[in-house]
There are 2 protein chains.
Amino acid sequence: MTIFVGTHVNKVDRKGRVSVPADFRALLGSPANFFAFPSFVHHGIECLTGSIMDSLSETVHGLDLFSDEQDNLADLIFASSYTLGIDGDGRVVLPASLRIHAGIEGQSAFVGKGKTFQIWEPLDHDQFQTQARERARADRLALRQRPQGSGPTPDAMENGT
Amino acid sequence: MTIFVGTHVNKVDRKGRVSVPADFRALLGSPANFFAFPSFVHHGIECLTGSIMDSLSETVHGLDLFSDEQDNLADLIFASSYTLGIDGDGRVVLPASLRIHAGIEGQSAFVGKGKTFQIWEPLDHDQFQTQARERARADRLALRQRPQGSGPTPDAMENGT
DNA sequence: TGGGGTATCATGGGTTTTCATGGGTGTCAA
DNA sequence: TTGACACCCATGAAAACCCATGATACCCCA
């Protein structure tokens, strides 16, 4: 397995600990940790592996040094990031500021996004996904990205989940 | 070359297990698993090989990082996906949410789609296929602009190429 | 060409291992 | 001293694994 997939809802205990899904742990590998920072577009928490974080820093530094854009991005991403270490039982402690950003209390959802993943308050993510589905339906471009070749006309058998 | 063909109906047992057709297993190869997610447009379950999923993730990540478009697509595809591992006996466990989406209870139909395949509730798929056939026939009639008594019975879809 | 034998496959059930989760103890720093 | 944090262990539930069996398709040989 090479990518993060699925939506895993796990409990957040009294100490702020939460189990990282076993699938995800396997992908994260040996330096058992990852980077997390609040998304600047929604209530989720962006989670990146070390290597993705590295390439992201390359990208950001490719921008004009000292430019406003560079400064903003660097601040949004790096300054507000945490390194979350996974303990011997496969859990991490969610820092309070991240929990507050996401509105997480008793439960959290680990959401696979391919090369990255996110952490959400479960109901919040349900809502986000519903919206994403509606947007995709309205947006032909999104549908064109589907792996299926020439399928039947999509409007024959509509249904959601 | 990996081409999934045919329609194979297998039982789903009490534990939610179902045998993956031997043909399909042979095509899936050594990392004996595949990715499955509910279709956006019908009641079937879309099934993709790891390599197709990988290239899909490349495509999605080629979009602007943290853009709405990227985030939406990644959520629809990856967040609702499951990695289904094939056990030593050639079976997978269908997660409850996928079974519910497809309306699967006692039986499931593995439907070859070329480079991908789908899983359906058998009767549902029959119906879908009938409709697809009627649409195809209607399109041809429209193109030819001539009436036709009893249409030809296209009996493909049941054999190899 | 037909019959018997064999390999493959789908399916059912039992058992072991993994995983998520709760709680306790020790350590370090403010 | 107190609070935060990292480590250790225990446990119930769920998933993965192992084995057995009936049926079917395939092959070989007479």
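Order of the sequence lines fixes the chain letters, A, B, ..., with proteins taken first and strands second; residue numbering starts at 1 for each chain.
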Annotated protein contacts, base or backbone, on nucleotides 17-30 of chain C with a non-hydrogen cut-off under 4.0 Å, one of B, S, - each
--SSBBBB------
Atom NE2 of His43(A) with >12 non-hydrogen neighbours under 6.0 angstrom:
no
Who clusters with Val93(A)? Use side-chain heavy atoms, under 4.5 angstrom, across I, L, V, M, F, W and Y, and order the result by chain and number.
none
Those residues that, when tested against Arg99(A), pass side-chain hydrogen bond (donor to acceptor under 3.5 Å, both in side chains) (two or more places apart)
none
Sorted by chain and number, sequence neighbours left out, ring pair (Phe, Tyr, Trp, His ring centres under 6.0 Å) with Phe40(A) holds for Phe66(B)
Counterpart residues, side-chain hydrogen bond (donor to acceptor under 3.5 Å, both in side chains), relative to Ser39(A) (two or more places apart):
His42(A)
Looking at residues at least two apart in the chain, or sitting in another chain, which of them share a side-chain hydrogen bond (donor to acceptor under 3.5 Å, both in side chains) with Asp54(B)?
Thr2(A)
Give the rounded distance in Å between these two atoms: CZ of Phe24(B) and P of dA10(C).
11 Å
Computed from five pairs at either end and rounded to 10 degrees, the angle between the axes of the helix from dT1(C)-dA30(D) to dA30(C)-dT1(D) is 40°
Identify, with sequence neighbours excluded, every residue that meets salt bridge (Lys or Arg N to Asp or Glu O under 4.0 Å) alongside Asp126(B).
none
Listing request: all ring pair (Phe, Tyr, Trp, His ring centres under 6.0 Å) pairs with a residue in residues 5-28 of chain A, at least two apart in sequence or in separate chains.
Phe4(A)-Phe24(A), His8(A)-Phe24(A), Phe24(A)-Phe117(A)
Residue set satisfying side-chain hydrogen bond (donor to acceptor under 3.5 Å, both in side chains) with Ser51(B), at least two apart, ordered chain then number -> Thr49(B)
side-chain contact (heavy atoms from CB on, under 4.5 Å) involving Asp68(B) - partner list, sequence neighbours excluded:
none
With heavy atoms of chain B within less than 4.0 Å as the criterion, where does contact along DNA chain D begin and end?
dC17(D) to dC19(D)
